There are 2 protein chains.
Amino acid sequence: MTSAEEPARPGERERVRDAARTRAEILDVATREFARAGYDGARVDEIAARTRTTKRMIYYYFGGKEQLFTAVLERAYGVIREAEQELDVDHLDPVAAIRRLAEVTFDHHEQHPDFIRLVSIENIHDAQHIAASGKLGRMGSPALDVIRRILSAGQNSGLFTADVDAVDLHAMISAFCFFRVSNRHTFGALFGRDLVDADRRERYRTMLGDMVIAYLTAERATD
Amino acid sequence: MTSAEEPARPGERERVRDAARTRAEILDVATREFARAGYDGARVDEIAARTRTTKRMIYYYFGGKEQLFTAVLERAYGVIREAEQELDVDHLDPVAAIRRLAEVTFDHHEQHPDFIRLVSIENIHDAQHIAASGKLGRMGSPALDVIRRILSAGQNSGLFTADVDAVDLHAMISAFCFFRVSNRHTFGALFGRDLVDADRRERYRTMLGDMVIAYLTAERATD
DNA sequence: TAGCTAACGTACTGGTTCGTACATTAGTGA
DNA sequence: TCACTAATGTACGAACCAGTACGTTAGCTA
């Protein structure tokens, strides 16, 4: 994730001017600042100050605050897509495969709270930056492809009884994983329970898998 | 919700100065403005402009932008608590009661998108306004009491096999309902499916109930 | 009806913040 | 090594915006 940290590959000595490094460093810092304070709460000056370069460079490379936020989103979604591409569950039976998928989704959400915050922020702004991006719209989702395969295998074999498609199942799984992180603070303040407490982690991880599998495999009235 | 609209009770003629009405009108407008633009994106001047009164009154009644947002949150949470108090499922069997509870939660989230946005915004700010409120922390939750009763009835009768408590079950139900509204825009932009589409409403409403009941009643390996 | 005060309006300020004009230098290819 | 340009830094401006000083009046009460 932090792509601008490493002090140049061994052999190459650190150049004073390095467009790629400067650009990546701005993205790293901007990700944290936007996630911390929201779009309007984030300060371009603050981002610049936490960088080895100046505000001028933000406008040089990205054009403005809006485009910087869009670039931050694009990279954040890129990271999750890469993680999803790692997913290999084709050797598992449908039930085990779905549980594995749920767990990977669960873990990724837990490991990237900044990503969750960025997505929440983008929703407050009606996904206007995604719409403006173009790049993000037609990025596809490896997770969705995986779900599609598992689902048809499970439905064909009669194991899965639920009448659900991949997109809706993805929404169901994401909802649980996302909410746990995104609403951690209000939920904790109102109900006195920290949903991201390390001691309860395994419990929630299991609960999600149980929930999805119970839903998919439940006995249903045949019509 | 809109408490400042009615032009005075019949008989009373409209007074020019009406503290309660002015205060309520500010809250109404502020709710919309904060929900629209986020805390930092919201403009005190804009709120004032959409009111029959002036910015001066916002500071007169609420003290400042932060306290105004806190007051907005307090009222929004008050509304949902009132709705939850209406809930009467004691005459239903545990399975029907849980489904009814899930449906009421579903409906309330759908009917109050502004509330969802306010909660999202408050989470971006680490629930600091709830923490500062005092009032909100010890407000309790009628829904939680209802869940507790249904859950123990279901568990005692052996109908519910899941080892889950009321708070976690509430989280599970809320996650689905909340995500559907809060992430509508990014989800729609990325996956091309509007989660709040009226045509799909019944489907999701049923899906939630099915999911929760399948989870609670699933056959489990006895240890 | 006189006087008191809660309720209200106007006009302004000081700090903040996005964005840019202008000047400068590191690295590179001829 | 020279010239050219991509990359960078400084300093500043103009608009915005939360908050306030100060003055006014509606409505209630004695």
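Numbered from 1 within each chain, the chains take letters A, B, ... in sequence-line order. Predicted model only: the values in this text are computed from it and were never measured.
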Can you find a side-chain donor-acceptor pair between B/Glu25 and B/Thr53 that sits under 3.5 Å? no
Distance (rounded to the nearest 0.5 Å) between B/Ile173 CD1 and B/Met211 CE: 7.5 Å
In whole angstroms, how far is the C1' atom of C/dC8 from the CZ atom of B/Arg21? 12 Å
Qualifying residues under ring pair (Phe, Tyr, Trp, His ring centres under 6.0 Å), relative to B/Phe69, sequence neighbours excluded: B/Phe34, B/Tyr39, B/His129
Residue set satisfying ring pair (Phe, Tyr, Trp, His ring centres under 6.0 Å) with A/His109, at least two apart, ordered chain then number -> none
Thinking salt bridges, do B/Asp126 and A/Arg117 make one under a 4.0 Å N-O criterion? yes
So does A/Arg100 pair up with A/Asp88, basic N to acidic O under 4.0 Å? no
Value in whole Å for how far the P atom of C/dG9 lies from CG of B/Asp45: 14 Å
Euclidean distance, atom CG of residue B/Asp40 to atom P of D/dC17 [Å, nearest integer]: 12 Å
I'd like to check the salt bridge (charged side-chain N to carboxylate O under 4.0 Å, His left out) partners of A/Glu66; sequence neighbours left out, ordered by chain and number. none
Could you check how far OH of A/Tyr59 sits from P of C/dT17, rounded to whole Å? 12 Å
Taking atom C1' of C/dG9 as reference, at what distance in whole Å does atom CZ of B/Arg52 sit? 16 Å
Using a 4.0 Å heavy-atom cut-off, does B/Ala48 contact any base of the nucleic acid, only the sugar-phosphate backbone, or nothing at all? nothing
What pairs with A/Thr186 under side chain to side chain donor-acceptor pair (under 3.5 Å), at least two apart in sequence or on another chain? B/Asn123
Sequence-distant partners of B/His185, ring pair (Phe, Tyr, Trp, His ring centres under 6.0 Å), two or more places apart: none
Distances for protein N or O near nucleotides 4-7 of chain D N or O, under 3.5 Å:
unit_1: D/dA7; atom_1: N3; unit_2: A/Arg17; atom_2: NH1; d: 2.8

N/O to N/O distances under 3.5 Å, protein versus nucleotides 10-14 of chain C:
none

Looking at DNA chain C, which of residues 65-73 of chain B put a heavy atom within less than 4.0 Å of it? none
Would you call B/Asp194 and B/Arg200 a salt bridge, using N to O less than 4.0 angstrom? no
Distance, rounded to the nearest Å, where A/Glu46 contributes CD and C/dT16 contributes P: 13 Å
Side chain to side chain donor-acceptor pair (under 3.5 Å) with B/Arg36: which residues, sequence neighbours excluded? B/Glu33
Result block: side-chain N/O donor-acceptor pairs under 3.5 angstrom for residues 55-63 of chain B, not counting sequence neighbours:
unit_1: B/Lys55; atom_1: NZ; unit_2: B/Asp45; atom_2: OD1; d: 3.2

Under the rule for ring pair (Phe, Tyr, Trp, His ring centres under 6.0 Å), what residues qualify as partners of B/His170, not counting sequence neighbours? A/Phe191
Whole-Å distance separating the CZ atom of A/Arg23 from the P atom of D/dT8: 12 Å
Close residues, residues 117-126 of chain A, relative to DNA chain D [heavy-atom separation under 4.0 Å]: none
